[in-house]
K.L.:
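Input: one structure, supplied below.
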Amino acid sequence: MLSEVNNSLLPYNTFGFDVQGYELIKIENKEQLEKLYAEDFFKSPFRVISGGSNLLLTQNIQEPILLVRIPGIEKNQETDEYVCVEFGAGENWHQCVLYCVENEWYGIENMSLIPGCIGAAPIQNIGAYGTELKDVFESLKAFNIETGNIENFNLDQCQFGYRDSYFKHQGKGKYIITSVILRLSKIAKINTQYGDIQNTLNQKNILNPTIKDVSNAVIEIRKSKLPDPAILGNSGSFFKNPVIEKSLAEKIQSNHPDLKIFPASGSLVKIPAAWLIEKSGWKGHKRSHVGVHEKQALVLVHYGGGTGAEIQQLATEIQTDVANKFGVHLEFEVNIW
Ligand code: FAD
Ligand code: NAP
């Protein structure tokens, strides 16, 4: 178990904030977690980081940080129709997508190029281009810090919702996810209906897209719209798309016919947070070290030399302004430390 003391957390957050971490402990297997449990490590506060792509660090971190780096990709069930694959929590999400694409295992190609690790994917039920983790989720294994045991969670137990799960509520801070099992289809199932995918394929004259064509289209669209964290610090969408009463959405739409409304559940609908932020005049906003991305208003960016507190201040101003203008509360998607 590698343990480093007083390290910069710069390499561990995609916003690129240079705060100090008191102690970093690299976790590569479950035995290390059991050893920490035996030493009463979990009786004191601690933090968990995987890829650091959904984190806003606003201050130095005083508690020890577990860096989850558990490896492994193992097929554990296979029929003519599907394959179940267990991925170690520390595996890179996008590399796992590419592995499935190469094997023609269908289900996660629309989620190509999402940063971060497999173990963090269930925390917010990651999603993109019409697919969510829950659509391919079989189960996960997680270390319970109170009992020291590994527990299995099935789909129902994870209580997945829109960018939401049990691990953001009752299970918050109580488990370390050690592996995730996905059920992928061996029968071709392609979803090109969402957003720009079909247009991108049309432009390339691809009439019968393969799984690889879809993955490549998603990668191309994302590269054209989203800032690369290696070049411009960001954490993807800073806010969730709000799910609100249909009556409120229709009231806003009556003044703004260009507002798109997507069905959610019951009387609820989802509207794009990016639209609300753009209409409030924030798209492309720049102040000293931070701003709102010029191509995607949901993404707050760090130009360098700034602090997480500056991003938090900007996010709060946007939140207040959107609430005043449209009566809609924007919830932060990013975890703020
Ligand atoms: P981290 O940021 O390290 O951690 C996130 C949270 O999970 C923290 O609270 C952490 O404590 C906890 N955690 C991490 N690992 C574990 C574990 N093993 N056990 C228990 N808790 C854990 N998200 C989407 O849903 N869809 C997108 O399309 C998308 N696009 C993005 C694009 C960009 C450019 C960026 C920067 C981010 C994007 N994101 C997107 C957000 C982010 O990539 C995902 O939320 C991702 O799953 C975070 O993974 P991570 O390993 O970086 O998690
Ligand atoms: P987009 O395609 O311009 O769409 C804008 C918003 O409208 C999306 O957020 C999406 O909600 C919603 N939407 C569009 N078409 C929809 C449909 N057919 N059915 C239901 N909802 C629809 O969005 P974008 O910003 O370029 O992002 C593309 C995809 O990547 C989205 O799925 C987005 O969530 C994902 N993404 C996520 C992050 C992150 O950090 N969380 C960052 C970048 C991109 P949904 O979000 O529910 O799809």
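If you read the sequence from its start, that first residue is 1, and numbering goes on from there. Order of appearance sets the numbers: ligands from 1, and atoms from 1 within every ligand.
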K.L.:
In plain terms, say whether K35 and E39 are close enough for a salt bridge, that is, a side-chain N and a carboxylate O under 4.0 Å apart.
P.N.:
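The answer is yes: the pair qualifies as a salt bridge.
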K.L.:
Looking only at distance, does G127 have an N or O less than 3.5 Å from an N or O of ligand 1?
P.N.:
yes
K.L.:
Salt-bridged, K225 to D196, with N to O below 4.0 Å?
P.N.:
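Looking at K225 and D196, the cut-off is met.
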K.L.:
Protein N/O near ligand 2 N/O, under 3.5 Å, which pairs?
P.N.:
unit_1   : atom_1 : unit_2 : atom_2 : d
ligand 2 : 3 (O)  : K225   : NZ     : 3.3
ligand 2 : 9 (O)  : N241   : ND2    : 2.8
ligand 2 : 11 (O) : K270   : NZ     : 3.0
ligand 2 : 13 (N) : Y194   : OH     : 3.2
ligand 2 : 21 (N) : K270   : NZ     : 3.0
ligand 2 : 25 (O) : Q296   : NE2    : 2.4
ligand 2 : 26 (O) : K225   : NZ     : 2.6
ligand 2 : 32 (O) : Y129   : N      : 3.0
ligand 2 : 32 (O) : Y194   : OH     : 3.3
ligand 2 : 34 (O) : R163   : NH2    : 2.8
ligand 2 : 40 (O) : S237   : N      : 2.7
ligand 2 : 40 (O) : S237   : OG     : 3.4
ligand 2 : 41 (N) : E333   : OE2    : 2.7
ligand 2 : 46 (O) : Y162   : OH     : 3.0
ligand 2 : 46 (O) : R163   : NH2    : 3.4
ligand 2 : 46 (O) : N241   : ND2    : 3.1
ligand 2 : 47 (O) : Y162   : OH     : 3.2
ligand 2 : 47 (O) : K270   : NZ     : 2.4
ligand 2 : 48 (O) : Y194   : OH     : 2.7

K.L.:
Please say whether G52 places an N or O atom under 3.5 Å from an N or O atom belonging to ligand 1.
P.N.:
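Indeed, backbone or side chain, G52 has an N or O that close.
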K.L.:
Would you check the N or O atoms of Q124, main chain and side chain alike, for any that come under 3.5 Å of an N or O of ligand 1?
P.N.:
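There is such a contact, yes.
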K.L.:
Mind jotting down which residue pairs meet the salt bridge (Lys or Arg N to Asp or Glu O under 4.0 Å) criterion with at least one end in residues 116-126? Sequence neighbours excluded, please.
P.N.:
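Of all non-adjacent pairs touching residues 116-126, none passes salt bridge (Lys or Arg N to Asp or Glu O under 4.0 Å).
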K.L.:
Based purely on interatomic distance, does V48 place a nitrogen or oxygen under 3.5 Å from a nitrogen or oxygen of ligand 1?
P.N.:
yes
K.L.:
One pair to check against ring-ring contact (aromatic ring centres under 6.0 Å, His included): F41 and Y37. What are the steps and the verdict?
P.N.:
CA-CA 6 Å; F41 174 89; Y37 182 83; over 10 Å; no
K.L.:
To the nearest 0.5 angstrom, please state how far the CD1 atom of I211 sits from the CG atom of N216.
P.N.:
11.0 Å
K.L.:
Using a 4.5 Å cut-off between side-chain heavy atoms of Ile, Leu, Val, Met, Phe, Trp and Tyr, which other residues end up in the same hydrophobic cluster as Y303?
P.N.:
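So far as hydrophobic clustering goes, Y303 is joined with L226, L232, V299, V301.
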K.L.:
Regarding ligand 1, does P229 bring an N or O atom to under 3.5 Å of one of the ligand's N or O atoms?
P.N.:
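The answer is no, given that P229 and ligand 1 share no N or O pair closer than 3.5 Å.
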K.L.:
Looking at every non-hydrogen atom in both residues, tell me the closest pair between A249 and L259 and how far apart they are.
P.N.:
O-CD2, 3.7 Å
K.L.:
Suppose we screen for salt bridge (charged side-chain N to carboxylate O under 4.0 Å, His left out). Which residues come up paired with K279, at least two apart in sequence or across chains?
P.N.:
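Partners of K279 by the salt bridge (charged side-chain N to carboxylate O under 4.0 Å, His left out) criterion, ordered by chain and then number, come out as D258.
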K.L.:
Against heavy atoms of R163, which atoms of ligand 1 measure under 4.0 Å?
P.N.:
25 (O)
K.L.:
Could you tell me whether some N/O pair between I177 and ligand 1 is separated by less than 3.5 angstrom?
P.N.:
yes
K.L.:
Is the closest N or O pair between C117 and ligand 1 shorter than 3.5 Å?
P.N.:
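For ligand 1, there is an N or O atom that lies under 3.5 Å from one belonging to C117.
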K.L.:
Any nitrogen or oxygen of E333 lying under 3.5 Å from a nitrogen or oxygen in ligand 1? Just yes or no.
P.N.:
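Looking only at distances, the answer is no, because the N/O contact criterion of under 3.5 Å is not met.
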K.L.:
Measure N234 to ligand 1 on non-hydrogen atoms and call it side chain, backbone, both or neither using the 4.0 Å cut-off.
P.N.:
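For N234, the contact with ligand 1 is made by both the backbone and the side chain.
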K.L.:
CZ/F87 to CD1/I70 distance, rounded to the nearest 0.5 angstrom?
P.N.:
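Result: 15.0 Å between the selected atoms.
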K.L.:
Do ligand 1 and R222 have nitrogen or oxygen atoms that lie under 3.5 Å from each other?
P.N.:
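Yes, there is a polar N/O contact under 3.5 Å.
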K.L.:
Just how far is it from atom CG of L57 to atom CD1 of I336, taken to the nearest 0.5 Å?
P.N.:
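That separation rounds to 10.5 Å.
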K.L.:
So do F17 and I311 actually touch side chain to side chain, heavy atoms under 4.5 Å?
P.N.:
yes
K.L.:
For K204, is there an ion pair with E220 - N to carboxylate O distance below 4.0 angstrom?
P.N.:
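Salt bridge between E220 and K204, a charged N being under 4.0 Å from a carboxylate O: yes.
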K.L.:
Looking only at N/O atoms, are T14 and ligand 1 under 3.5 Å apart anywhere?
P.N.:
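There is no such contact.
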